[in-house]
Amino acid sequence: MRSMDFHRIKLLPPYVFAEVNAMKAKARAAGQDIIDLGMGNPDTGTPRHIVDKLVEAAQNPRAHRYSASRGITGLRKAIAAYYGRRFGVDIDPETETCVTIGSKEGLATLASAMTGPGDSIVTPDPSYPIHAHGFLIVGAEVVAIRQLPGEDPSLPSGRDFMEGFKKTVETASRKPLAVILSYPSNPTAQIVGLDFYGEMVDFCRHHKIYILSDIAYSEIYFNDMPPPSVLQIPKAREIAIEFTSMSKTYSMPGWRIGFGTGNKDLVRALTKIKSWLDYGAFTPIQVAAAAALNGPQDCVAHIRQLYQGRRDVLVQSMAAAGWDIPSPPASMFAWAPLPKGFRHLTSLEFSKLLLTEAQLAVSPGAAFGASGEGFIRIALVENEQRIRQAARVVKKFLSAGAPEVKPVSAEPPPARKAANR
Ligand SMILES: Cc1ncc(COP(=O)(O)O)c(C=O)c1O
């Protein structure tokens, strides 16, 4: 029997970025200078005082032992203090938060802790791949509901998803176990207000459905309204857990540290399964993460400004190149409709063309779900000068026009198949 025949492996499509990544690697190996706005991988390095804390903590041999799988007390207290300061939410560090090895690990591990035979969950479509795949891997059915920003401008943000979700629940023979919410959204940058969370919490409490919120981009916003937390809704903690990440807020993607906070039963389930699976993140990383949360926050403002500057350069320079890209209100991504003249191509075909003809790497929208077709995601992970350079090559590329014949196969990318389930 080959490894690809294993039951769970067969549930997994190849990783959605794999095809474009393979082309990117080949182009680089051939000596091409690829401007890489594909993966959401922060490029700026972690602020100095956080790195210094890691180095200091790593000098202590006691810190080299196995750590605590649910997180060291100091970090859990720092998380509770963050929730108090930022959202006005009172969290018990003993029972209402659990440290994770990045929020991706937390989401996937909780999925395996929660899911039983016949369970289904609901995700927005498009959405960050682990939202659906964390559950698909453990055998849940995933119902993906279309959610695109501003499709009907007369509706408040998130309304279409809310209506689709309510209809799904009210007509289901068996209620979904959980719904995933994630704002600011990766990939679409969509944000919602507290009224959205309030209505969701009321509805989900009534139907006994858990809410799994992912606020990885909560600190990357560009207007005067910081994105709220679902836990600000007074009764949310009866049903909701929220995952937060250090990766984007403090530019710490490689450190692998995040946390899940909220409902005690969900935190207990996450803590219990993690106690079987791992010994926690390396203690010096946890010490440094606590220093990041407790320390000066001007580095966060700086990171926010950096993405805002890049966003403005991207939107302006691409518009001048002939490609209108809506300005994202938050996150580190722009969600761009395929340019006019290229809309007969799939998002994967267009992404491949952009890579081969303009040496620019982006992510195909369909990689995030069927409703992402017709869009690409641009990550703001190169500096302003490189983004301007990208706009110059795009201008040339657009003026050459689209190829008449489709350049690559129209096979739907794997995530689309998964998102249709
Ligand atoms: C919405 C969302 N959630 C979670 C993650 C993963 O974050 P972490 O590095 O904490 O695992 C990402 C990473 O891109 C993301 O976009």
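If you read the sequence from its start, that first residue is 1, and numbering goes on from there. Both counts, for ligands and for their atoms, begin at 1 and track the order of listing.
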Checklist outcome for this item: Per-atom filter on ligand 1: closer than 4.0 angstrom to a heavy atom of Ala216 are 2 (C), 3 (N), 4 (C)

Checklist outcome for this item: Numbered in order shown, the ligand 1 atoms found under 4.0 Å of a heavy atom of Gly102 are 10 (O), 11 (O)

Next on the checklist: Checking contacts here: is it the side chain or the backbone of Tyr217 that comes within 4.0 Å of ligand 1, counting heavy atoms only? Could be both or neither.
Outcome noted: side chain

Checklist entry - Which bit of Ser103 is near ligand 1, meaning a heavy atom under 4.0 Å away: side chain, backbone, both or neither? => result both

Item to check | Geometric N/O contact Glu105 with ligand 1, under 3.5 angstrom | outcome: no

Checklist entry - Any N/O of Arg256 closer than 3.5 Å to an N/O of ligand 1? => result yes

Can you tell me which residue and heavy atom of the protein come closest to [atom], and the distance to 0.1 Å?
atom	answer
atom 14 (O) of ligand 1	Lys248 NZ, 2.8 Å
atom 12 (C) of ligand 1	Tyr128 CZ, 3.3 Å
atom 9 (O) of ligand 1	Ser247 OG, 2.6 Å

Next on the checklist: Could you check whether Tyr221 and Tyr183 have their ring centres less than 6.0 Å apart?
Outcome noted: no

Checklist entry - If we only count heavy atoms from C-beta on, is the Ile387 to Asn383 side-chain gap below 4.5 Å? => result no

Item to check | Any Gly258 heavy atom less than 4.0 Å from ligand 1 | outcome: no

Item to check | Taking every non-hydrogen atom, the tightest pair across Ala336 and Ile378 | outcome: CB-CD1, 4.3 Å

Checklist entry - Looking only at heavy atoms, what is the nearest atom pair of Pro184 and Tyr217, with distance? => result CG-O, 3.5 Å

Checklist outcome for this item: Heavy-atom proximity to atom 2 (C) of ligand 1 ranks first, among Asp214, Asn186, Thr249, for Asp214

Checklist entry - Does a donor on one side chain and an acceptor on the other come within less than 3.5 Å for Glu242 and Thr261? => result no

Item to check | Geometric cation-pi criterion Arg377 and Phe368, 6.0 Å radius, 45° cone | outcome: no

Item to check | Glu384 with Arg311: basic N within carboxylate O range, under 4.0 Å | outcome: no

Item to check | SB check Arg237 Asp90 (cutoff 4.0 Å) | outcome: no

